[in-house]
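A note on names: the letters A, B, ... follow the listed sequences, proteins ahead of strands, and every chain is numbered from 1.
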Amino acid sequence: MSPSAKSQAVGSPHITNREVAAELALVADLLQIVEANRFRVMAFQNAAEAVRTLGQDINILHAEGQLESIHGVGEAIAKAIAEMLETGQVQEFEKLKAEVPIGVVEMLHVPDVGPKTARRLWQELNVTSVDALREAAEAGKLRELKGFGAKSEQKILRGIELAARRSDDRIPLGEARPLAQSLVTSLRARLPERALQRLEVTGSLRRWRETIGDVDMLAVSDTPDAVMEAFRTLPQVESVLGSGGAKTSVVLTTGMRVDLLVVEAKQWGAALQYFTGNKEHNIEMREIALRQGWSLNEKSLTATGSGKAPEGEERFFEDEADLYAFLGLDWMPPEMRENRGEINLARRHQLPTLVTLGDIRGELHGHTTWSDGAADIAEMADAARGRGYAYWSVSDHSVGLGMVGGLDPERLQAQAAEIAKLNERWANQGEDFRLLRGCEVEVLADGTLGLPDEAMAALDVVVASIHSGLRQDRETITARCLKVVYNPHVDILGHPTGRIIGVRPPSELDVERVLHACAETGTVVEINAHPSRLDLNDVYARRAVELGCKIAINSDAHERAGMEMMEYGIATARRAWLRPQDVINTYPLEQMLGFLKDRRGPVQRA
DNA sequence: GCCGTTTTCGGCCCGACTGTTTTCAGTCG
C-alpha cells in the first residue's frame, strides 16, 4: 500500500498531532492536581512533548501499528492514543476530567500557581476558576490558607494580570532577536568593560527556535551585583519578578520576560551549555553525567562518589566543547539541542555537518518591481552579488494572484529580454554571476496553475505557491497541492503550508502525503526564510529529507534588505539537521541547473 | 507510566528564588 493510500484509509474525524499532544498535556495537569504519582505525571508530559514534535502524522503511525515506536510512548499511552484516534475520546481521560473542574486546571496557567496551590484553593476554599481566584485574592480570603499571606495574594493577583496581558502567544523569532540585541547593547553601554567580561543571549534564541517564550541571557562578571543593578534599571524594564546575586528575572514594557544569569569565568562552559539546550536535552545530559559518576549543574560537574573521582571533586569548563568532550560527546550546534537524537550521534561521533550561510551560492525565489517588489531587477541583482551569490532567480508573481500585477506569458517574454541584457553585461565583464529566468506561479483554487505549461517550460526555475484558499478542507487543499507537485514543469513548492507565524495558522495540508509525492517526483521543497514564515518548519524539513526530498532555502525578498532574512532560513535548515548536499542552492550554478533539468524528465530534456 | 552501553526492575535532573517559615515547600525554568 502506498503511503498516501494509508493516510486515506484512516477513517473517523481527523485528529491532529497537536490535538493529541494537548490532550496528553491536559491529562498530565489533571493527574498533578489529583496528586498522582509524579513519575506518571512526567510520563504523560514527556509523551505530550514527543507527540507535539513528531515529524509525521500520528494517524499514519497508528495505522501502521507503530505508536510505541515514539520515544516516550509506551504500551499504556499508545493504547490511549489509539482509542482517541478511533473514537474521538478516551474513557479513562473522560473520568479524570469529570473529577476536576476545568477552571482548576486553568488556574495552573497563572504564574506562581502550581498543582499544590490549585488543589488547595479548590479543596479548601472552593475556588474553581481564575475569576473566582481573583475575587478571593481581592477579598483577602487567600490568607486564610496556612502558609499564605498578603504577599502571596498580591503575587497571585499580579500573575493573573500578567497571564491575561501576555496571552499564550510566543514572540516570533524575527521580533525577539532584534529585541534581545538591543538589551545586550543597552547593558554593555551601562557598565564599564571590565565589569562585564562576557555577555551572550542563550536559550531558545540561541537555538533559533521559531518563536520565543522568554529571553535568556548569560554573563560573566566579577561584580554580579553591579550587573544585576544595571539590568534591573534598564529603561526597557517594566517590573522585576525576582532578583538575587546569581539570577534576575524582569518583565519588559513589551510584556517579554527576560532572565539574566551571572557566573564566574571558569563556570562559563557549563552555564552556556545549561542555558542553551531545551529542557529534554539538558535532562538527558544530566543523566549521562550521572551514569559516569558526575552531577551536572549550571556551574560545574561534581563527583557523586559512584565513579572514579572522589566524592565532591569539582570540574570546571571555560567553554562548552570541553564539557561535552569530558562526557565523551562531540560539541553539538545549538540548533540541534532539542533531544531529537543528537546526543546519541554525538556519542558515536556521527553528527552531520550542517549547512551554513556561507554554503549558499544563490537564491531561487525573489521579487522585483515587475510584480510586487520594491527594487528593480538590476538592484536586486546587485544585492545578490553583494552577498557573494553566483546566481539569483527573478521569480515574480504570475497572473492569478488578484492583488498584484502578476506576469502573463507576454510580460514574461519582455522580462526575459531585460534579464538577457543584464546577463550579457556581466558575461562581458567576466563576472561570475547570472540571473535566472523564474516565476512564482500562482496555484489556483482548483490546483491549475497561473501559467500554461509552454510558458513554464521556457523558464529556468518554476516555484509554485498557494496564496489563496488556504482555508480549504484537508482533502481539497491536499489534492490541489498534489496536482501541482505532479506537474513536471514545477521545480519548487513554495512556502507549502502558507502559515504566517502568530497571525495565520498553517493550512490543513496533509504535509506527509505531499512530501511523499515530492520525493517521488523530485519536486524541491522550499524553506521560506522569512522569519514570519519559516515554511517548511524545522520538523517538516527534516522529514522531507528523510523521505528523500531536496530543499531550497529562499528569502523570498521583495526588496534588497529582504535577502538578509536568509540567516533565519539557514537556522531552520540547521534545526532540521540539513547538510549542504540536501540544499540545492548550495550547488554551483551548472550542477543546480542540471539537477532541475534531470528532474523535469525526458520531455523537457529533448 | 516509561525505559535500558551497569538494569525487564528500580530507578526516574538540578538549583535559585520566594514567602512564611525558624528549616522548608512550592514554583519555575
Which value, in whole Å, describes the distance between the C1' atoms of nucleotides B/dC2 and B/dT7?
13 Å
By nearest-nucleotide position on DNA chain B, the 5'-leaning member of A/Lys279 and A/Val73 is A/Val73
A/Arg257 side-chain N/O to B/dG29 phosphate OP1/OP2 under 4.0 Å
yes
Would you kindly give the CZ-to-P distance between A/Arg40 and B/dC3, to the nearest whole Å?
15 Å
Heavy atoms only, 4.0 Å cut-off, all strands: where does A/Ser249 land among base, sugar-phosphate and nothing?
nothing
Using OP1 and OP2 only, check whether a side-chain N or O of A/Ser152 sits under 4.0 Å from B/dT18.
no
Heavy atoms, side chains only, cut-off 4.5 Å: are A/Asp259 and A/Thr248 in contact?
no
Take the protein atom CG of A/Leu96 and the nucleotide atom C1' of B/dG1, then report the distance between them rounded to whole Å.
14 Å
Could you give the CG-to-C1' distance, from A/Asp216 to B/dC28, as a whole number of Å?
12 Å
Pick base, sugar-phosphate or nothing for A/Val41, based on heavy-atom distances below 4.0 Å to the nucleic acid.
nothing
Could you check A/Arg575, A/His281, A/Arg209 and say which one makes a side chain to side chain donor-acceptor pair (under 3.5 Å) with A/Glu338?
A/Arg575
Any side-chain N or O of A/Asn297 under 4.0 Å from OP1/OP2 of B/dG15?
yes
For B/dT20, is there a stacking contact with A/Phe148, counting only centres under 5.5 Å and planes under 30°?
no
Would you mind classifying the nucleic acid contact of A/Leu261 as base, sugar-phosphate or nothing, using non-hydrogen atoms under 4.0 angstrom?
nothing
In whole angstroms, how far is the P atom of B/dC2 from the CD atom of A/Glu49?
16 Å
Look at the side chain of A/Thr16 and the backbone N and O of A/Glu19, then say whether any donor-acceptor pair between them is shorter than 3.5 Å.
yes
Which value, in whole Å, describes the distance between the C1' atoms of nucleotides B/dT23 and B/dC17?
16 Å
Over all strands shown, is A/Gly159 touching base, sugar-phosphate only, or nothing at heavy-atom distances under 4.0 angstrom?
nothing
For A/Ala150, report the nucleic acid contact type (base, sugar-phosphate, nothing); a contact means any heavy atom under 4.0 Å.
sugar-phosphate
For B/dC14, does either OP1 or OP2 sit under 4.0 Å from a side-chain N or O belonging to A/Ser295?
yes
Report which part of the nucleic acid A/Val27 touches: base, sugar-phosphate, or nothing (heavy-atom distance under 4.0 Å, all strands).
nothing
With rounding to the closest Å, how many angstrom separate the P atoms on B/dG26 and B/dT22?
14 Å
When rounded to the nearest Å, what value does the distance between C1' atoms of B/dA16 and B/dC12 take?
22 Å
Looking only at side-chain N and O atoms, does A/Lys155 come under 4.0 Å of OP1 or OP2 in B/dT27?
no
Backbone N or O of A/Leu142 within a donor-acceptor pair of the A/Glu153 side chain at under 3.5 Å?
yes
On a whole-Å scale, what distance lies between the C1' atoms belonging to B/dG15 and B/dG10?
25 Å
Would you kindly check whether a donor in the side chain of A/Tyr274 faces an acceptor in the base of B/dG15, or vice versa, at under 3.5 angstrom?
no
Less than 6.0 Å separating the ring centroids of A/Trp294 and A/Phe326?
yes
A/Gln273 has an atom CD; how far is it from atom C1' of B/dG15, in whole Å?
15 Å
For A/Ile288 and B/dC14, what is the distance between atoms CD1 and P respectively, to the nearest whole Å?
13 Å
Main chain of A/Leu183, side chain of A/Arg188: is a donor-acceptor contact present, judged purely on distance under 3.5 Å?
no
Residue met sooner reading DNA chain B from 5', once A/Ala246 and A/Arg348 are mapped to nucleotides
A/Arg348
Can you tell me how far C1' in B/dT18 sits from the matching atom in B/dG11, rounded to whole Å?
31 Å
A/Leu108 CG to B/dC28 C1': how many Å, rounded?
13 Å
Looking at every strand, decide which applies to A/Glu284 at a 4.0 Å heavy-atom threshold: base, sugar-phosphate, or nothing.
nothing
Ignoring hydrogens and angles, tell me if any N or O in the side chain of A/Asn46 forms a donor-acceptor pair with the backbone of A/Gly72 under 3.5 Å.
no
Regarding A/Lys299, tell me which of base, sugar-phosphate or nothing describes its non-hydrogen contacts under 4.0 Å with the strands shown.
sugar-phosphate
Between B/dT27 (P) and A/Gln32 (CD): distance, integer Å
9 Å
